[in-house]
Amino acid sequence: MERENAWLNYTEEQEQEMEALACEYKAFLDEGKTERECVEETVKQAEACGYRSLESCQKEGIALRAGDKVYSVGMGKIVALYHIGEDALDKGMNILCAHIDSPRLDLKQNPLYEDTDFAYLDTHYYGGVKKYHWVALPLAIHGIVAKKDGTIVKVKIGEEESDPIVYITDLLIHLSGHQLQKKAAEVIEGEQLDILIGSRPLREVPDEKKKEAVKENILKILKEKYDIEEEDFLSAEIEIVPAGKARDCGLDRSMIAAYGQDDRVCAYTSLAAMLEIAPPKRTACCLLVDKEEIGSVGATGMQSRFFENATAELLDAMGCYSELTLRRTLKNSRMLSSDVSAAYDPAFGEAFEKKNTAYFGRGIVINKYTGARGKSGSNDANAEYMARIRRIFEENKVCFQTSELGRVDYGGGGTIAYIAALYGMEVIDSGVAVLSMHAPWEITSKADVYEAKKAYAAFLLEE
């Protein structure tokens with residue numbers, strides 16, 4: 001059941017639509033390199049399309065009804081958008097759920113130190129990374145500092161042409177004989193991922209601080225530019241990410257290279273579909289969540305009650321809340337767990353089983369199950385729901401393919417699908433194939449991005 005390459009059948013108009021979508025997607029990636037930035041950009045775009053804050057509607061006593069568009073944000077790092085449909089909410093919603101966190105380096109709470117006339121920031125990696133990927137690479141600093149007086153200071157350094165970048169050093173090849181004998185997982189240790197941020201000492205410092213004159217100069221810069229003290233790092237969320245903008249990849253410009261496409265490629269296409277659909281019959285929902293890369297835990301992960309609580313508040317604003325109505329709403333909903341899949345890479349063909357893998361340019365990927373070994377940790381969607389999704393995509397001329405995550409017993413991974421399925425709703429994984437997943441720069445096909453957006457729009461309008 002080999003699938004045809006989607007590029008072969010595009011009209012000139014479709015290619016123009018695809019290119020426009022790719023440009024908008026790259027701009028979204030540039031604006032949203034952290035969860036907070038993704039939520040801010042999502043709210044900005046949603047409000048431009050007529051969405052209002054659910055909380056503000058409640059404060060104003062506005063009774064919500066079919067056709068209304070609202071959103072709810074949790075702790076600045078998780079967001080749910082609802083486009084209320086004609087059907088009663090307890091008949092269920094059509095939900096797209098993607099995650100907006102990506103592998104990165106986080107600063108520790110006491111990060112700043114000096115060693116031999118160099119100033120460093122100490123880090124702890126987040127999510128599944130190959131640690132050696134992160135050395136000798138231009139890096140940027142993104143995040144917020146929360147001060148004791150309640151002030152929130154936003155930090156973004158390394159993205160503008162005039163900005164400095166930061167860096168993690170690697171051992172020169174001339175002296176790396178011992179290093180190269182190590183296993184790949186040990187070539188760079190986690191505690192070696194410290195960020196080089198300065199080497200210039202402050203001239204005028206008290207005698208007791210002369211041994212840390214470079215660090216003192218960094219603190220002086222932080223004070224002058226951001227009005228933050230060293231102790232403010234205790235209540236900061238600072239992330240280290242690859243510096244630079246999303247770029248076209250390939251001489252034919254058929255691909256996109258960027259940081260964080262797992263899973264912002266599905267987040268953006270879900271959002272774009274949500275913002276363009278006509279008033280739906282069933283309520284449409286787009287849920288963008290945090291913490292998937294570390295198990296969907298915490299108050300902003302899918303395992304939290306955020307989505308359940310937001311849906312309860314929506315029911316209340318519509319004047320129809322009850323515990324039973326909420327349970328029926330969630331149980332009768334259908335979800336696409338919009339997460340990426342591993343694209344077949346001929347350079348590492350031994351990791352894939354060719355009949356059951358995803359290929360670049362052949363459309364959105366459906367993963368009936370993910371998991372590891374004996375499908376451990378997987379949702380494993382039922383056959384009836386798989387058939388429904390096939391029908392929706394075929395009726396709407398969406399190019400799609402099916403896939404597993406590599407060869408059996410070769411590895412594996414999971415998504416949020418099993419968590420949503422706990423409500424009894426039908427859930428299946430469906431997303432874009434990615435090359436070099438979890439690397440600082442990942443690759444996607446523009447055709448697959450285009451087909452994903454088409455697929456998500458068709459799903460949201462399904463009755």
### Query
For T444 and Q261, does a side-chain donor sit closer than 3.5 Å to a side-chain acceptor?
yes
### Query
Is there a donor-acceptor contact under 3.5 Å from the side chain of K91 to the main chain of R282?
no
### Task
Show your working on side chain to side chain contact (heavy atoms under 4.5 Å, CB included) between L96 and L287 and close with a plain yes or no.
CA-CA 6 Å; L96 300 173; L287 176 62; over 6 Å; no
#### Entry: Atom of S102, atom of Y126 and distance for their closest heavy-atom approach
O-CD2, 3.6 Å
### Query
What is the distance from atom CG of L422 to atom CG of N379, rounded to the nearest 0.5 Å?
9.0 Å
### Task
Kindly indicate whether the side chain of Y359, heavy atoms from C-beta on, has any atom under 4.5 Å from the side chain of Q401.
yes
### Message
Could you check whether R407 pairs with E350 (Lys NZ or Arg NE/NH1/NH2 to Asp/Glu carboxylate O, under 4.0 Å)?
### Response
no
### Message
Can you tell me if E12 has over 12 outside heavy atoms packed within less than 6.0 Å of its CD?
### Response
no
### Query
What's the spacing between Y423 OH and I95 CD1 if we round to 0.5 Å?
9.5 Å
### Query
Between F360 and I443, which heavy-atom pair has the shortest distance, and what is it?
CZ-O, 3.3 Å
### Task
Report yes or no: does S333 contribute a side-chain atom to a donor-acceptor pair with the main-chain N or O of T329 at less than 3.5 Å?
yes
### Task
Taking atom NZ of K154 as the centre, report whether more than 12 heavy atoms of other residues, nucleotides or ligands fall under 6.0 Å from it.
no
### Message
With heavy-atom distances below 4.5 Å as the criterion, would you say the side chains of R334 and I389 are in contact?
### Response
no
### Task
In plain terms, say whether E37 and K33 are close enough for a salt bridge, that is, a side-chain N and a carboxylate O under 4.0 Å apart.
no
### Query
Hey, is K368 close enough to D380 for a salt bridge, meaning N to O under 4.0 Å?
yes
### Query
Are D163 and K156 within salt-bridge range, i.e. N to O under 4.0 Å?
no
### Task
Check whether any side-chain heavy atom of E313 lies under 4.5 Å from a side-chain heavy atom of S72, and answer yes or no.
no
## Note on the structure
So CG of L275 and OH of Y51: to nearest 0.5 Å the spacing works out to 5.5 Å
### Task
Would you indicate whether the side-chain heavy atoms of W134 and V129 approach each other to under 4.5 Å?
yes
### Query
Looking at side-chain heavy atoms only, is the closest gap between F400 and R3 below 4.5 Å?
yes
### Task
Answer yes or no: are there more than 12 heavy-atom neighbours, outside K182 itself, under 6.0 Å from its atom NZ?
yes
### Query
Any Lys/Arg nitrogen of E323 or R327 sitting under 4.0 Å from an Asp/Glu carboxylate oxygen of the other?
yes
#### Entry: Residues, nucleotides or ligands: over 12 heavy atoms within 6.0 Å of Y125 OH
no
### Task
Flag the pair D429 / I366 as yes when at least one side-chain heavy-atom distance between them is below 4.5 Å, and no otherwise.
no
### Pairing of E31 and K26 as salt bridge, 4.0 angstrom limit
no
### Query
Going by heavy atoms in the side chains, are C97 and M302 under 4.5 Å from each other?
yes
#### Entry: Point-to-point distance, once rounded to the nearest 0.5 Å, from CG of D101 to CD1 of I78
10.0 Å
### Message
Between K183 and E186, does any NZ, NE, NH1 or NH2 come within less than 4.0 Å of an OD or OE carboxylate oxygen?
### Response
no
### Task
Evaluate the criterion side chain to side chain contact (heavy atoms under 4.5 Å, CB included) for residue pair L336 and Y456; output intermediate values, then yes/no.
CA-CA 8 Å; L336 291 184; Y456 294 153; 3.8 Å; yes
#### Entry: Worked check of side chain to side chain contact (heavy atoms under 4.5 Å, CB included) between F352 and D345
CA-CA 8 Å; F352 302 88; D345 188 339; 4.3 Å; yes
### Message
So that I know where these two stand, are Y10 and Y450 an aromatic pair - ring centroids less than 6.0 Å apart?
### Response
yes
#### Entry: Under 3.5 Å: donor-acceptor pair, side chain of K446, backbone of R253
yes
### For R388, salt bridge (Lys or Arg N to Asp or Glu O under 4.0 Å) partners two or more places apart
E462
#### Entry: Test log, rule side chain to side chain contact (heavy atoms under 4.5 Å, CB included), inputs Y268 and L21
CA-CA 10 Å; Y268 177 73; L21 179 67; 3.8 Å; yes
### Query
Quick one: does T357's side chain have a donor or acceptor within less than 3.5 Å of a partner on E353's backbone?
no
### Query
Does E239 have any salt bridge (Lys or Arg N to Asp or Glu O under 4.0 Å) partners at least two apart in sequence or in another chain, and if so, which?
R104
### Query
Is the CZ atom of R390 crowded by more than 12 outside heavy atoms at less than 6.0 Å?
no
### Query
Would you call D106 and T123 a side-chain contact if the rule is heavy atoms closer than 4.5 Å?
no
### Message
Using a strict threshold of under 4.0 Å (side-chain N to carboxylate O), is an ion pair present between K453 and E276?
### Response
yes
